[in-house]
Amino acid sequence: MKELIVEAKTDNLDRVTAFLDEQLESMGCSMKIQIQLDVAVEEIFVNIASYAYESGTGDAVIRISHEDNPDRAVITFIDEGIPYDPLAKEDPDVSLSAEEREIGGLGIFMVKKTMDDMKYQRLDGKNVLTLVKNL
């Protein structure tokens with residue numbers, strides 16, 4: 001398992017993406033899957049940076065590990081921000097036009113659709129969101 005700890009600020013997105021891409025390349029990840037994971041990680045990290053720490057900033061921990069059977073990447077985000085389960089929100093009705101849909105939720109919906117598994121836990125005062133993608 002590899003770990004990166006950064007201040008949860010959108011200015012650090014490039015560091016997070018570079019860290020992720022370096023690990024995925026070492027796993028032999030295809031470019032298609034790497035792009036899907038880059039988009040998912042951007043969505044999750046920007047949400048943490050934008051909403052987790054209401055009146056200030058705090059850290060975001062990004063962990064990535066490689067499992068062999070089945071061959072998959074496991075990416076975990078940990079923050080000490082306000083409790084928030086992004087998986088609890090109902091998926092947007094994508095059959096409606098953009099004007100008819102409620103604002104928000106489309107990014108997490110796209111992440112759910114591209115990952116093979118996701119889970120959220122609130123542990124020891126921390127948000128823990130795990131993404132799993134088969135390689």
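Note: hydrogens, waters and symmetry copies are ignored here, and every other heavy atom, side chains too, is used.
- What you find for Arg122 and Gly125 is that their closest heavy atoms are NH2-O, 3.0 Å.
- Annotation: the span from Leu24 atom CG to Ile35 atom CD1 amounts to 11.5 Å, rounded to 0.5 Å.
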- [ ] Begin from the C-alpha positions of Gln34 and Asp21 and carry the test side-chain hydrogen bond (donor to acceptor under 3.5 Å, both in side chains) through to its verdict.
- [x] CA-CA 7 Å; Gln34 186 171 327; Asp21 290 345; 3.2 Å; yes
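- Listed here is the closest heavy atom pair of Ala40 and Leu131: CB-CD1, 4.1 Å.
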Task: Stepwise side-chain hydrogen bond (donor to acceptor under 3.5 Å, both in side chains) test for Tyr120 and Asn127 - done: CA-CA 7 Å; Tyr120 169 84; Asn127 294 303; 2.4 Å; yes
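- A side-chain contact (heavy atoms from CB on, under 4.5 Å) with Thr130 is found for exactly one of Met115, Met118, Arg63, Lys119, namely Lys119.
- Under the 4.5 Å side-chain heavy-atom criterion for ILVMFWY residues, a single connected hydrophobic cluster contains both Leu129 and Val6.
- Here the straight-line distance linking atom CZ of Phe77 with atom CG of Asn47 works out to 10.0 Å at 0.5 Å rounding.
- Residues Tyr51 and Val16 fall into different hydrophobic clusters, defined by Ile, Leu, Val, Met, Phe, Trp and Tyr side chains chained together at heavy-atom separations under 4.5 Å.
- When all heavy atoms are compared, the tightest approach of Tyr53 to Gly81 is CE2-N, 3.5 Å.
- Leu4 and Phe45 end up in the same hydrophobic cluster when Ile, Leu, Val, Met, Phe, Trp and Tyr side chains are linked at under 4.5 Å.
- Judged as a salt bridge (charged side-chain N to carboxylate O under 4.0 Å, His left out), the pairs with a partner in residues 74-84 (not counting sequence neighbours) are, in order, Glu80-Lys126.
- In this structure, Leu135 and Ala73 approach most closely via the heavy-atom pair CG-N, 3.8 Å.
- A donor-acceptor contact closer than 3.5 angstrom links the side chains of Glu7 and Thr57.
- Side-chain contact between Glu42 and Thr17: absent, with no pair of heavy atoms (C-beta onward) separated by less than 4.5 Å.
- Nearest heavy-atom pair, Phe19 versus Ile62, reported as atom, atom and distance to 0.1 Å: CE2-O, 3.7 Å.
- Summarising the geometry, atom CD belonging to Glu67 is positioned 9.5 Å from atom CE belonging to Met27; distances are rounded to the nearest 0.5 Å.
- Other residues sharing the hydrophobic cluster of Ile5, ordered by chain and number and joined by side-chain separations under 4.5 Å: Val61, Ile78, Leu123, Val128.
- Both Val111 and Leu13 sit in one connected hydrophobic cluster of ILVMFWY residues. Membership requires side-chain heavy atoms under 4.5 Å apart, directly or through other members.
- We find the OG1-CD distance between Thr76 and Glu3 to be 10.0 Å, quoted to the nearest 0.5 Å.
- Under the 4.5 Å side-chain contact rule for hydrophobic residues, Leu37 and Val132 do not share a cluster.
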